Amino acid sequence: MTKRFSHVGFILAAAGSAVGLGNVWKFPYMTGANGGGAFVLVYIFAILFVGVSIFLAEVTIGRMGRGDSVSSFRDLATKHKGLWKYAGFISFTPLLIVSFYAVVMGWLIKYVVVSFGSLPENAKAAGSMFGALVSGSVGEQILYFTIAFFAVFYIVSHGIIKGIEKANVILMPLLFIILVGLMIYAMQLDGFSKAVGFLFVPDFSKLQPSSLLAALGQAFFTLSLGVGTIMTYASSLPENNNLFRSSLMVAFLDTIIALIAGIMIFSFTFHFGIDPSGGPGLIFQTMPTLFGKLGLTGHIISTLFFIALVFAGVTSAISMIEPATSYMENYLNFTRKKALYVIGAFVYIVGVLALCSNIKDFNPYLSVASMGFFDILDFITSSILMPIGGLLITIFVGYVMDKDKLKELFVPFMGERIFSIWMVFLRYFIPVIILVIMLNKLFFD
Ligand code: TRP
């Protein structure tokens, strides 16, 4: 990539990547499935102490390497360049993510269509509607997945800088306004105080070893970390950008949006007596139940809500394809078109398999140890590949890069003190945390 983002452009692109289905779809159902407050607390700690530091580390590698992730690791390593370049292959992880992510985007597009037709009458009908789509309708899901797929690849094929800057300027504020509006509406319901209690009063007896790893994985997922996405975007940062401030802003925005979405969704979840631990269908059951009760207004808000979510998903999905594309273009000298054909074919096949694994009739053929392929993709990426990617990035910036150059880049923005704290985090604290949480889950779950 030779073009550069503007200062705002980078923040918008990074925030566009970070804010997505992870905030509005995944965070609420993970919180519900992991028992609420204690999970949220661990999640917030993971963002503050692990996420932000790794975000900065990833920005650093991108900004100083100025290339694809493989070249950047190789060029910036002070020793073992030939080995470190392989760390750049973390850029292929997001191709696995986008495969199931686009399936969910397909569900959202379907719900945009549903918003024009008849919305469910109650929570039970909403639950059956979602169930029928996900575990019954192969053809319909393939159709909507294909639409999502082409939308994403079309934008990436046109180069991301302009497209993303434009799309984000309008759609991110729209999503934000809708979420805040719905939250204000939710404040008048009895479900609101229950939701706040559920999210912010921790009950540590509900915290399993798997919840710790899930919270860490969600912190990575929501900030798009550990897979070369932020690195690739940062390689197009303008020269004198305040990296520290930009990174903090993105992390802050992302967290606020997840929390607002959580409060809003759980208010309605409790209001309608829906099971909060029901899994990936949570927003698809809760929100249409609400919209179905609001008459014409319901149809309008429903349409806007799902459209805004589709777009939040698009800006995230684009950012999952860009790292591998950038590697193939720069390192392997593919044309952008050829790179996208190869990547597209892969993503399409994996996506269709993921979608089919949720279908009742196919599930037995597409599962391992009673976990379907869709869930396997989600688990392997969030709970294994992203933390390992994060570990590599941390160790690389903490131990392998030239410390004086790091200092030169960062001290003007964060000062000596914060710089030293950041280094201590990267060198000692974060690697230990990631390893302990991963091993803990492996041996005690
Ligand atoms: N952060 C996005 C979300 O919350 C998802 C995402 C975008 C992502 N790019 C990524 C996740 C790269 C992992 C890796 O929806």
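Here the structure is a predicted model, which is why all the values come from computation and not from measurement. Just so you know, ligand 1 is whichever comes first in the structure, and atom 1 is the first atom listed for that ligand.
Of all atoms in ligand 1, listed by their number and element, those nearer than 4.0 Å to a heavy atom of L21 are 15 (O). The T229 neighbourhood of ligand 1 comprises atoms 12 (C), with distances under 4.0 Å to a heavy atom of that residue. Ligand 1 places these atoms under 4.0 Å from at least one heavy atom of A18: 1 (N), 2 (C), 3 (C), 4 (O). In summary, the atoms of ligand 1 found under 4.0 Å from a heavy atom of V227, numbered by their order in the structure, are 12 (C), 14 (C). For ligand 1, the atoms closer than 4.0 angstrom to any heavy atom of S319 are 7 (C), 9 (N). For ligand 1, the atoms closer than 4.0 angstrom to any heavy atom of T222 are 1 (N), 4 (O). Residue G22 has at least one heavy-atom neighbour below 4.0 Å for each of these atoms of ligand 1: 3 (C), 4 (O), 15 (O). Atom numbering of ligand 1 starts at 1 in the shown order; those under 4.0 Å from a heavy atom of I97 are 13 (C), 14 (C).
With 3.5 Å as the limit, one finds a donor-acceptor pair spanning the side chains of S382 and K26. Side-chain polar atoms of T93 and T381 form no donor-acceptor pair below 3.5 angstrom.
A salt bridge links R63 with E239; the closest basic N to acidic carboxylate O contact falls under 4.0 Å.
In M386, the part holding a heavy atom less than 4.0 Å from any atom of ligand 1 is the side chain.
With a 6.0 Å cutoff to the six-membered ring centre and a 45° limit on the axis angle, R427 counts as a cation-pi contact of Y399.
The protein atom (non-hydrogen) at minimum distance from atom 7 (C) of ligand 1 is S224 OG, 3.2 Å. Protein heavy atom closest to atom 2 (C) of ligand 1, with residue, atom name and distance, is S17 O, 3.1 Å. Among all protein heavy atoms, the one lying closest to atom 1 (N) of ligand 1 is F221 O, 2.8 Å.
Paired with W422 under the rule ring pair (Phe, Tyr, Trp, His ring centres under 6.0 Å), one option of F410, F244, F49, F55 passes, and it is F410.
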